[in-house]
> 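Please find one structure pasted underneath; my questions will follow.
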Number of protein chains: 2
Amino acid sequence: MAFLSAYDPRRYDPIAVTVDVVALTIRVVESVPTLHVLLVRRGRRPFVGRWALPGGFVRPEAGPDGARRDEDLPEAAVRELAEETGLAASTDRRAVDRRLARVYLEQLGTYGTPGRDPRMRVISVAYLAFAPDLPDPIAGGDAETAAWVPVAGVDRDHMAFDHARILDDALERAASKLEYTPLATAFVATEFTITELREVYEAVWGQALHAPNFHRKVLSAPGFVEDTGATTARGGARGGRRARLYRAGTARLLHPALLRPGQEEAR
Amino acid sequence: MAFLSAYDPRRYDPIAVTVDVVALTIRVVESVPTLHVLLVRRGRRPFVGRWALPGGFVRPEAGPDGARRDEDLPEAAVRELAEETGLAASTDRRAVDRRLARVYLEQLGTYGTPGRDPRMRVISVAYLAFAPDLPDPIAGGDAETAAWVPVAGVDRDHMAFDHARILDDALERAASKLEYTPLATAFVATEFTITELREVYEAVWGQALHAPNFHRKVLSAPGFVEDTGATTARGGARGGRRARLYRAGTARLLHPALLRPGQEEAR
DNA sequence: AGAATAGTGTCTATTAGACAATATCCT
DNA sequence: AGGATATTGTCTAATAGACACTATTCT
């Protein structure tokens, strides 16, 4: 940090720091499990009426003792997610924590190209979140609407700021994460079937997978899933065997990995 | 960005934004190719005398017309690298570009935990750089020293700020990048031998590799390397065949990947 | 019964890793 | 000549992908 002392940011126009969240979940649409992203429709300028990622400024906060207590970045991301989903009133920390406890959060990247916000210099730290099926969001107090939107139906050409690019980066990261980590389990309930897990992969990768081979690969990766001993209460609605129930294992990485098919000729 | 309009950062203490760079290169120490990182010894408080990553504030800059012209983040990273390495005077853009043209740069992550800088709230965007053998750095104008330091010899317990953690994250990212991308070529000259490439892998992964199999794997990954048709002028100093020379191919990803050995029992 | 879903067997092509052997080039 | 380095051959185990088949449960 060569100039940490020589440079005083207070003498310049400040750089604003925001946190944006790409929250992904799987919802069933017409019997098809489909990848959705949480978006808000902006109620203010700029980009009024456009879809945007939920997010907002990182700000100093007053702690219980009234002293300044800055937010950590992941903390700010969870707060934005909680506020926009309406999962809890922002004052009710306990409820927020309970409902969002199972949400997986990781940093995606930071976007700071000058001009990405027409008003001022803004640096956005983007986070990627994987969530099990959450309720429909309740519109925040800022007169926007919020909704889970199927990613295939997102009109990227009309998104606010550079959020279309952030979304694309997030989708690629998510697809890649499923290859090397057991994070697909973050999209399903605590107990799940191998078929449900496969539907997560199919929704995120956007392609059908060979069910028998998928089954075997999941079971052969140590620590991916643990057998609960139980099965589903019923078979499929139109018949079919009951499925065994699993819970997430303890592995952080998959060995061997579950690679996307048809990635041969990578440019 | 829910509160983009409701919140005016000018009313609060500003958040400072810095860029830090983890620049890695391979240098031969006692005949052993060894991974080095560029570090600066701090000449100012806080952390006087401690090793730190090169970096500095992202700042508004006056363009040729005198108007404000903000730096993009990667641009700031290259500037810091150029200033600290003494590869070019900071004002001479052309010279910077020429010497650093072959440096690969990617964003590593953003570190913003409150308290990581004792003076004020600082958000640091860290970049990872892979460089071919660069000259010894020339101490910057800020009375620090700068040097390429073997990563194995870095005293992590006495680094400034949270730079030890950033360095660890960078090393893990670098090791992982070599598995899935052809970026090892960023560490060597434009023409190189398979052995030199293997030495990059061995230095970054910290373990010896099986030379014959490595050779075949590199050649079997489409687009990793291109044969130049030429060979080295001489064999090894103590005898040995001349090696064929290759240049970097056009692939962005390696298929199949070159995986680190002995990663089986990942926690 | 018949359809639907879950799960297992098996075969082939590809890849990973080990070891052996060959090809060149230095002193 | 003899050691050193680069490159190719060959064999075995593991993995990926395809297809066939069995097991179970629904209407």
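Throughout, a chain's letter reflects where its sequence line sits, starting with A, and its residues are numbered from 1.
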> Quick one: is B:His215 getting a side-chain N or O under 4.0 Å of the D:dT7 phosphate, OP1 or OP2?
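It does, given that an N or O in the side chain of B:His215 lies less than 4.0 Å from OP1 or OP2 of D:dT7.
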
> Among the nucleotides C:dG7, D:dT7, C:dG17, which one has an atom lying closest to any side-chain atom of A:Pro212?
C:dG7

> Let me know the distance between CG of A:Leu197 and C1' of C:dA6, rounded to the nearest Å.
15 Å

> Please tell me if the side chains of A:Asp227 and A:Arg244 come closer than 4.5 Å, counting only heavy atoms from C-beta onward.
yes

> Can you tell me the distance, in whole Å, between the CZ atom of B:Arg241 and the P atom of C:dT24?
5 Å

> Going by ring-ring contact (aromatic ring centres under 6.0 Å, His included), B:Tyr104 matches just one of B:Phe130, B:Tyr127, B:Phe187. Which one?
B:Phe130

> Mind calculating the distance between CZ (A:Arg260) and P (D:dG17) to the nearest angstrom?
13 Å

> So what does A:Gly240 hit on the nucleic acid, given a heavy-atom distance under 4.0 Å: a base, only sugar-phosphate, or nothing?
base

> More 5' along DNA chain C: B:Pro256 or A:Leu245, using each one's nearest nucleotide?
A:Leu245

> Nearest heavy atom decides the nucleotide; on that basis, is A:Ala233 or A:Ser220 closer to the 5' end of DNA chain D?
A:Ser220

> Does any donor-acceptor pair link the side chain of B:Arg238 with the base of D:dA4 at a separation under 3.5 Å?
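No pair found.
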
> If you only use heavy atoms from C-beta on, which nucleotide in C:dT10, C:dA6, D:dT5 is closest to the side chain of A:Arg216?
C:dT10

> Relative to the 5' end of DNA chain D, which residue comes earlier, A:Arg234 or A:Lys217, by the nucleotide with the nearest heavy atom?
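Going by which nucleotide is closer to the 5' end, it is A:Lys217.
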
> Between B:Tyr201 and B:Phe214, what is the ring plane arrangement, given parallel below 30°, perpendicular above 60°, and tilted in between?
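Ring orientation, 0 to 90° scale: perpendicular.
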
> Taking only the side-chain nitrogens and oxygens of A:Arg242, find out if one of them lies under 4.0 Å from OP1 or OP2 of C:dA6.
no

> With sugar-phosphate meaning primed atoms plus P, OP1 and OP2, does B:Thr193 contact a base, only sugar-phosphate, or nothing at under 4.0 Å between heavy atoms?
nothing

> CG of B:Leu219 versus P of D:dA6: gap in Å, rounded?
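In whole Å, D:dA6 P and B:Leu219 CG are 13 Å from each other.
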
> NA contact type, A:Gly239, heavy-atom cut-off 4.0 Å: base, sugar-phosphate, or nothing?
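Base contact.
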
> For B:Ala237 and B:Ala257, take the nucleotide of DNA chain C holding the closest heavy atom to each; which residue's nucleotide lies nearer the 5' end?
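Its nearest nucleotide being more 5', the pick is B:Ala257.
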
> Compute the centroid of each ring, for A:Tyr180 and then for B:Tyr180, and state whether the two points are separated by less than 6.0 Å.
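Between A:Tyr180 and B:Tyr180, the centre distance is under 6.0 Å.
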
> What is the separation between atom CD on B:Glu199 and atom C1' on D:dT5, rounded to the nearest whole Å?
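Answer to the nearest Å: 11 Å.
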
> Rounded off to whole Å, could you give me the CG-to-C1' distance for the B:Asn213 and D:dT10 pair?
11 Å

> Rounded to the Å, how far apart are B:His255 NE2 and C:dA13 C1'?
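The answer, rounded to whole Å, is 18 Å.
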
> What is the distance, to the nearest angstrom, from the CG atom on A:Leu259 to the P atom on C:dT15?
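A:Leu259 atom CG is separated from C:dT15 atom P by 12 Å.
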
> Are the side chains of B:Arg260 and B:Glu179 in touch, meaning some heavy atoms are under 4.5 Å apart?
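Yes - at least one pair of side-chain heavy atoms lies under 4.5 Å apart.
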
